[in-house]
2 protein chains.
Amino acid sequence: MQILTTAAGLQAYTERARQTGKRVGLVPTMGALHAGHLQLVRAARADCDEVIASLFVNPTQFNSAEDFRLYPRLPEADAALLAPVGCTALFVPSVDEIYPRPTVLRFDFGALEQVMEGAHRPGHFNGVATVVSKLFHLARPHRAYFGQKDWQQVAVIRQLVADLSFDLEIVACPTIREADGLAMSSRNLRLDAEARAVAPLLHRVLVAAAAEVRQGILPAQVRASAASALASEPLVTPEYFEVADAQTLQPLSEYAAGRDVVLCLAAHLGGVRLIDNVVVAA
Amino acid sequence: MQILTTAAGLQAYTERARQTGKRVGLVPTMGALHAGHLQLVRAARADCDEVIASLFVNPTQFNSAEDFRLYPRLPEADAALLAPVGCTALFVPSVDEIYPRPTVLRFDFGALEQVMEGAHRPGHFNGVATVVSKLFHLARPHRAYFGQKDWQQVAVIRQLVADLSFDLEIVACPTIREADGLAMSSRNLRLDAEARAVAPLLHRVLVAAAAEVRQGILPAQVRASAASALASEPLVTPEYFEVADAQTLQPLSEYAAGRDVVLCLAAHLGGVRLIDNVVVAA
């Protein structure tokens, strides 16, 4: 596995790969890798000749300086995990390498980012779209792999790719969970034992809500049940719980035939902010 | 010269070119070609093995439906002009080919687009950045060529390329003028004889203003002289005349050592809107 630290080095690597007819897969990550990330690398390896993983804690997508500072960074451990699952090149740039000058351009995704993560983390999706565009231009992948745990992020990136005609395919992989249902997340490393013990509540609430959606219980009632279940645990401070159209991400007041529904939540547990979601197919 | 009409056809063409090690140049145009465009193609030909010219009257960068409707369209004549100057592929897509679905994403370039063309044509640079991003992704050029007559457009595109790390180089070519100083523009075709006769006033005003800048006459006085000169011709309705920093495009109240100055104007002549500019090197 080759280690690349410069933008020019990555561009040269991937240009050579494409010139020799290789299929290139990209797995953008912020590091502190877990089984969810490794699943993305395995999926890329099954499709592509070259698998480039990036490790970059992107400052522009953090709306909290504290969250950015505390985000786990374990580059050596990450590198050791990546090679065995088929990663062929690891891109670990500095912040200056990705942002040699401050960015002027701002992205606005309209209604898609006026809900949930976009509403609660101002500027978050601008930072995501900026760094993902940069990584796409540096790595030039045929396919790029993202986890469905960040459902809204995947929707925003699909819109970015469609609207700017990026010549690549987005592959979204299912959320990987711990045995007790907790969605794998790099931020789980920051949970203390007490918070970790109650964290599976988030997924339980989503599963219960999904059952209600399948029974046709209206979104307002599903929201109320979820709010009440989350309020039962004093260690959990809910930020939002939403019943939304799975594609447009807009909150639902009723269900539409043939449209998937996504249930999304964000909550704070002992100073750590976690998100999760479950999709209910139409 | 190959004629390509689909996005997929252009992508396949340019992917083959790059796989065989060829240098690709792109000249994005809205057609109705004149000597200014042909200069861009010649410059591309001098640098590159493949020169792709695009002809696409981009609806999203017009803030006036009337201006879009009346924009000159001469695709056969354009094709006949391009082959002799070294264009190897001509991309002539339909609107549906470029915009299969409405675009959701919006670009904001901040202060760079809050002046001059951006201020007077709301949404213009969002449309420019969108279509240029698409053309870059479809044509995958090593270099892309633009005319300096659209000085602010070049500044916006350079910012786009820097901020999203597009792997290509922007080449800006000098404005080509008629013998009487009128900047070549596709919209000149729409000038009637009377408007055409007075149109060289625009360049004369810029040249006189540039002389004042070189003498150190302050921007406020330069603006006043230009306004008075433009007002002397009843067929000309000035929209703006600006003395600005050539890089940031922000209006100047005084000159800064070592900074180039750009003088920009827009005016209406007999229903046709024209722009022009002159740069005064520091």
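From a predicted model like this one, the values you see are computed outputs, not experimental measurements. Naming convention: chains lettered A, B, ... in sequence-line order (proteins, then strands); numbering from 1 in each chain.
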Heavy-atom contact with chain A under 4.5 Å, split by part of B:L160: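 Contact with chain A involves both backbone and side-chain atoms of B:L160.
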Whether A:D163 side chain and B:V104 backbone form a donor-acceptor pair below 3.5 Å: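 Side chain of A:D163 to backbone of B:V104, a donor-acceptor pair under 3.5 Å: yes, one is there.
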Under 3.5 Å donor-acceptor, A:Q19 side chain and B:R18 backbone: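 Such a contact is found between A:Q19 side chain and B:R18 backbone.
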Option in B:Q159, B:Q11, B:R140 with maximal non-hydrogen atom pairs under 4.5 Å from chain A: B:R140
Contact leader toward chain A among B:I98, B:T103, B:L105, where contacts are heavy-atom pairs under 4.5 Å: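 Highest number of pairs under 4.5 Å: B:L105.
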Non-hydrogen side-chain atoms of B:L138 and A:D167 separated by less than 4.5 Å: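 The answer is no, as the side chains (C-beta and beyond) never meet within the 4.5 Å cut-off.
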Beyond-backbone contact of B:R106 with A:R106, side-chain heavy atoms, under 4.5 angstrom: no
Heavy-atom cut-off 4.5 Å, strictly under: side chain, backbone, both or neither for [X] against chain B?
X	value
A:P102	backbone
A:A7	neither
A:L135	neither

To the closest 0.5 Å, what do you measure between [atom1] ([X]) and [atom2] ([Y])?
X	Y	atom1	atom2	answer
B:F166	A:K134	CZ	NZ	11.0 Å
B:S133	A:H137	OG	NE2	7.0 Å
B:L164	A:L164	CG	CG	7.5 Å

Heavy-atom contacts under 4.5 Å, residues 107-116 of chain A to chain B: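 Checking residues 107-116 of chain A against chain B gives A:F107, A:D108, A:F109.
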Per-residue contacts, residues 240-263 of chain A versus chain B, heavy atoms under 4.5 Å: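 No residue falls under the 4.5 Å cut-off.
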Minimal non-hydrogen separation, A:R101 against B:A162, with atom names: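 That closest heavy-atom pairing would be NH2-CB, 3.1 Å.
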